[in-house]
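Below is one structure; the comments refer to it alone.
Predicted model only: the values in this text are computed from it and were never measured.
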Amino acid sequence: MPTRTVLATTASAGTLLQVIREDALGTRAALSDRTGLSRTAINQRLAVLLTHGLVVPDGQDHSSGGRPPAQFCFNALAGLVLGVDIGITATRVGVADLSGHILAETSGDLSVEDGPGAVLGWVAKHADGLLHEVGTSPGRLWGIGVGVPGPVEFGAGHVVNPPFMPGWDRFPIGHWFTDHYGCPAVIDKDANIMALGEYRNAWRHLRHVLFVKAGTGVGCGVIADGRVHRGARGAAGDIGHIQLQGHGDPTCRCGNRGCVEAIAGGWALVRDLRAAGSSVRTARDVAGLAHDLDHDCLLAIRRAGRVVGEALADAVNFFNPSVVIVGGSIGLAHGEFLAGVREVVYQRSLPLATQDLQIVPSSLGDQAGIIGAAYLVADLILEPQRVDKRLTRTEPQASR
């Protein structure tokens with residue numbers, strides 16, 4: 001049950017909006033109890049939020065007698081954000097409201113190896129088309145969230161020494177989007193935004209979640225105590241470059257040998273299947289072959305799941321999550337990868353760590369990245385201090 005956590009002297013309109021968003025508290029009495037503000041102060045702040053279209057009336061609450069108290073809710077359509085999921089062989093773009101609901105989206109097969117100019121140019125072109133589709137312009141965007149398939153220095157908004165992204169090392173992705181659209185942009189690794197999307201969509205009643213992306217590469221996003229955990233510099237969760245014994249000593253694209261990704265990543269499966277005579281070229285080709293029930297492909301994906309399961313077993317013992325979510329083109333290929341992961345994790349992890357552990361497929365599929373990116377940037381731009389600044393510098397507008 002929500003308790004009063006904010007002093008009345010610091011509970012601004014932005015703080016009130018945060019309470020309404022997070023706790024779904026909409027009556028004046030509930031807001032007063034949560035924030036410590038007087039009814040008069042609540043009315044003043046609500047008036048500002050209503051005038052700027054950030055909250056709207058939401059029917060009436062139940063009452064034991066007399067006139068029911070008015071109820072208010074967050075207006076997710078007060079602004080729009082862009083969610084961008086840049087993959088190694090495909091990119092997806094979506095326009096979302098401030099609650100992460102996707103209003104329009106598109107995707108395309110293009111290689112991240114084409115470089116930032118080509119890829120970001122494609123993103124901007126198709127984003128502008130999507131904004132036109134939903135009846136608005138680029139100038140109405142409030143923020144942009146971007147996921148990329150490489151290690152991200154989160155505070156700087158760029159990737160650092162990405163093995164699959166020639167020409168991207170320390171390229172100012174965040175500044176590029178801010179310069180192009182004139183709004184805040186936040187960059188994170190793809191597994192993190194997918195973890196956030198899955199968590200907010202279906203698992204927010206839990207606190208500790210791992211998301212494993214098995215596509216061309218292998219990555220992991222960590223939700224710790226309900227928040228994305230990035231570590232000191234943004235490298236947390238990179239299980240793809242844990243080195244394993246007993247699987248040969250293949251060279252990884254990071255320069256080391258015996259990495260999980262060099263054994264079980266989609267690009268490694270392409271390497272091994274081509275050596276066996278297959279014509280596959282990408283991880284998505286491998287997934288397609290699995291859906292066609294190719295025997296050798298299914299065996300290779302099952303083995304890959306077991307290999308990733310070895311690394312995950314240690315992560316489960318160390319982190320003790322409530323759920324492990326598996327996504328990505330290989331991770332969702334005919335259930336074989338998931339079965340391999342389950343087989344090893346439940347066998348090798350401690351009984352207490354696996355007592356209630358769920359290992360499940362992604363519920364969002366290809367949309368996990370753009371939805372998570374939308375959540376990521378919405379959380380940024382709706383921080384109380386940023387909301388208060390917006391309220392002082394923008395003209396009131398009608399709710400849409």
I want to check something: taking the side chain as every heavy atom from C-beta on, are [X] and [Y] in contact at a cut-off of under 4.5 Å?
X: Phe164; Y: Pro149; answer: no
X: Phe211; Y: Tyr199; answer: no
X: Ile325; Y: Val212; answer: no
X: Cys297; Y: Ser278; answer: no
X: Leu357; Y: Val316; answer: yes
X: Lys189; Y: Arg230; answer: no
X: Asn161; Y: Pro151; answer: no
X: Trp142; Y: Arg390; answer: yes

Sub-3.5 Å donor-acceptor pair from the side chain of [X] to the main-chain atoms of [Y], do we have one?
X: Asp33; Y: Gly36; answer: no
X: Asp85; Y: Arg92; answer: no
X: Glu198; Y: Leu364; answer: yes
X: Trp168; Y: Val112; answer: yes
X: Arg342; Y: Ile359; answer: yes
X: Asp292; Y: Leu289; answer: no
X: Arg284; Y: Thr89; answer: no
X: His180; Y: Trp176; answer: no
X: Ser32; Y: Arg28; answer: no
X: Arg302; Y: Leu298; answer: no

Just wondering, are more than 12 heavy atoms of other shown residues or ligands nearer than 6.0 Å to NE2 in His295?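 Not more than 12 within 6.0 Å, no.
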Within a radius of less than 6.0 Å around NE2 of His175, do more than 12 heavy atoms belonging to other residues, nucleotides or ligands occur?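 No.
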Under 4.5 Å between side-chain heavy atoms, counting indirect links through other Ile/Leu/Val/Met/Phe/Trp/Tyr residues: same cluster for Val228 and Trp203 or not?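 In one cluster: yes.
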Indicate if Val81 and Leu17 have the same hydrophobic cluster label, given that clusters are the connected sets of ILVMFWY residues with side-chain heavy-atom separations under 4.5 angstrom.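 Yes, it is one cluster - the side chains of Val81 and Leu17 are joined through contacts under 4.5 Å.
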Going by side-chain contact (heavy atoms from CB on, under 4.5 Å), Trp267 matches just one of Asp272, Thr216, Val218, Ile88. Which one?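 Exactly one pass, corresponding to Thr216.
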From [X] atom [atom1] to [Y] atom [atom2], the distance as rounded to the nearest 0.5 Å:
X: Ile330; Y: Ile301; atom1: CD1; atom2: CD1; answer: 5.0 Å
X: Ile242; Y: Ile263; atom1: CD1; atom2: CD1; answer: 11.0 Å
X: Arg274; Y: Leu269; atom1: CZ; atom2: CG; answer: 13.5 Å
X: Ser12; Y: Leu391; atom1: OG; atom2: CG; answer: 8.5 Å
X: Ile42; Y: Leu16; atom1: CD1; atom2: CG; answer: 5.0 Å
X: His229; Y: His208; atom1: NE2; atom2: NE2; answer: 11.5 Å

So, are Arg253 and Glu261 salt-bridged, with charged N and O less than 4.0 Å apart?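 Salt bridge between Arg253 and Glu261, a charged N being under 4.0 Å from a carboxylate O: no.
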Given side chain to side chain contact (heavy atoms under 4.5 Å, CB included), test His334 with Leu293 step by step and report yes or no. CA-CA 8 Å; His334 205 263; Leu293 303 181; 3.1 Å; yes
Could you go through the side chain to side chain contact (heavy atoms under 4.5 Å, CB included) check for Val308 and Ile239 one step at a time? CA-CA 8 Å; Val308 173; Ile239 65 169; 4.3 Å; yes
Hey, mind stepping through His241 and Asn256 against side chain to side chain contact (heavy atoms under 4.5 Å, CB included) and telling me if it holds? CA-CA 8 Å; His241 298 287; Asn256 292 322; 5.9 Å; no
Going by the angle between their ring planes, with limits at 30° and 60°, are Phe177 and Tyr181 parallel, tilted or perpendicular?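 Judged by the thresholds at 30° and 60°, the geometry between Phe177 and Tyr181 is parallel.
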Under the salt bridge (Lys or Arg N to Asp or Glu O under 4.0 Å) test, residues paired with [X] that sit two or more places apart:
X: Asp179; value: none
X: Asp249; value: Arg257
X: Arg207; value: Asp225

Mind running salt bridge (Lys or Arg N to Asp or Glu O under 4.0 Å) on Arg227 and Asp379 for me, showing each step along the way? CA-CA 11 Å; Arg227 298 178 179 274; Asp379 286 347; over 6 Å; no
Go through the steps for Glu105 and Val93 under the test side chain to side chain contact (heavy atoms under 4.5 Å, CB included), then give the verdict. CA-CA 6 Å; Glu105 65 177 292; Val93 183; over 6 Å; no
Work out which heavy atom in Val55 is nearest to a heavy atom in Leu50; give both atom names and the distance.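 Answer, listing the atom of Val55 first, then Leu50: O-CD2, 3.3 Å.
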